[in-house]
Number of protein chains: 2
Amino acid sequence: MENIKMPESETLNELSDFFKIMGDGTRLKLLWALETGELCVGDLAALLNMTKSAVSHQLKVLKIAKLVRNRKCGKNVYYALNDHHVKLILEKALEHICE
Amino acid sequence: MENIKMPESETLNELSDFFKIMGDGTRLKLLWALETGELCVGDLAALLNMTKSAVSHQLKVLKIAKLVRNRKCGKNVYYALNDHHVKLILEKALEHICE
DNA sequence: ATTATAATTGAACAACTGTTCAATTGTCAA
DNA sequence: TTGACAATTGAACAGTTGTTCAATTATAAT
């Protein structure tokens, strides 16, 4: 057991930060919804039955994590997935759950 | 956007619970270390430079989540990975980080 | 029996997280 | 410019989380 070498602590932090972000039902729902295409904040709020404020706060978290990007169009702001890996990870995790 | 159907909320909870567990540096290190084979609590504590108590608490979380199993042998308790999917998910997540 | 080592437990504490609320910014239409 | 709508922001709050500490259980050796 002496010679086990841990990965770079920076890598490890990035990994756990990533999982931390995925570890929230609201954010998972947002990502799931955006899988189908871009949606504006109001639509997402209606879909999840939450306030626009709460949704906006979480979208900000997802954006900082570079999991989504946004585009302004008139009064609306449209959000879309920004990473093709997320779908793969969700699928792997689902496999894990469903056994 | 009207007809987006969310996954079963139970499935979603299981998913976010799983990610929540992965979203902690200590637990990630424990899983990483156990990738190489089974280790007892004291070894893990020394490896991560933490108290046995803290490690034991986190191992309990991992055990309840069925990510590890344990086996008693004399005064020691040996822990081992209990799920072959975890490694795959870690790899996918690493791919995501490293780009 | 006694002592020493390994591990677990539960309470307590500080740190962090997600939602709410009220206020604010930005954009369009009248 | 005024009013209405979309979205963002920051402070505040309750709820959750991870580690520490002290006490306890369990096993092995003397």
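Throughout, a chain's letter reflects where its sequence line sits, starting with A, and its residues are numbered from 1.
Take the nearest nucleotide of DNA chain C for K72(A) and for M50(A): the residue whose nucleotide is more 5' is M50(A).
Distance CG/L67(A) to CD1/I21(A): 6.0 Å, rounded to 0.5 Å. For the atom pair CG of D43(B) and CG of N76(B), the computed distance is 7.5 Å after rounding to the nearest 0.5 Å.
Residues passing the salt bridge (Lys or Arg N to Asp or Glu O under 4.0 Å) test with E95(B) are K92(B), sequence neighbours excluded. Looking at residues two or more places apart in sequence or on another chain, you find a ring pair (Phe, Tyr, Trp, His ring centres under 6.0 Å) between F18(A) and H96(B). Evaluation of the salt bridge (Lys or Arg N to Asp or Glu O under 4.0 Å) rule for R69(A) yields no partner, not counting sequence neighbours. T51(B) is linked by a side-chain contact (heavy atoms from CB on, under 4.5 Å) to S53(B), A54(B), counting only residues two or more places apart in sequence or in another chain. Evaluation of the salt bridge (Lys or Arg N to Asp or Glu O under 4.0 Å) rule for K20(A) yields D17(A) as partners, not counting sequence neighbours. Not a single salt bridge (Lys or Arg N to Asp or Glu O under 4.0 Å) links E14(A) to another residue, sequence neighbours left out.
Within residues 52-67 of chain A, the residues having any heavy atom under 4.0 Å from DNA chain D are, by residue number, K52(A), S53(A), S56(A), H57(A), K60(A). Near DNA chain D, meaning a heavy atom under 4.0 Å away, there are no residues from residues 18-26 of chain A.
L28(A) and M22(A) get closest at one heavy-atom pair: CD1-O, 3.2 Å. The two residues A93(B) and L15(A) make their nearest non-hydrogen contact at CB-CD2, 3.5 Å.
Using a 4.0 Å heavy-atom criterion, one finds that Y79(A) contacts the sugar-phosphate atoms exclusively.
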Atom pairs under 3.5 Å: protein N/O with N/O of nucleotides 28-30 of chain D:
none

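The ring pair (Phe, Tyr, Trp, His ring centres under 6.0 Å) analysis of residues 64-89 of chain B, with sequence neighbours excluded, yields no pairs.
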Output side-chain donor-acceptor pairs under 3.5 Å for residues 30-41 of chain B, partner residues at least two apart or in another chain, one line each.
unit_1 : atom_1 : unit_2 : atom_2 : d
T36(B) : OG1    : A33(B) : O      : 2.7
E38(B) : OE1    : R71(B) : NE     : 3.3
E38(B) : OE2    : R71(B) : NE     : 3.4
E38(B) : OE2    : R71(B) : NH2    : 2.4

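Read 5' to 3', the first and last nucleotides of DNA chain C with an atom closer than 4.0 Å to a heavy atom of chain A are dG18(C) to dC28(C).
L62(B) and I97(A) fall within the same hydrophobic cluster, where Ile, Leu, Val, Met, Phe, Trp and Tyr residues are linked whenever their side-chain heavy atoms come under 4.5 Å apart, directly or through other members.
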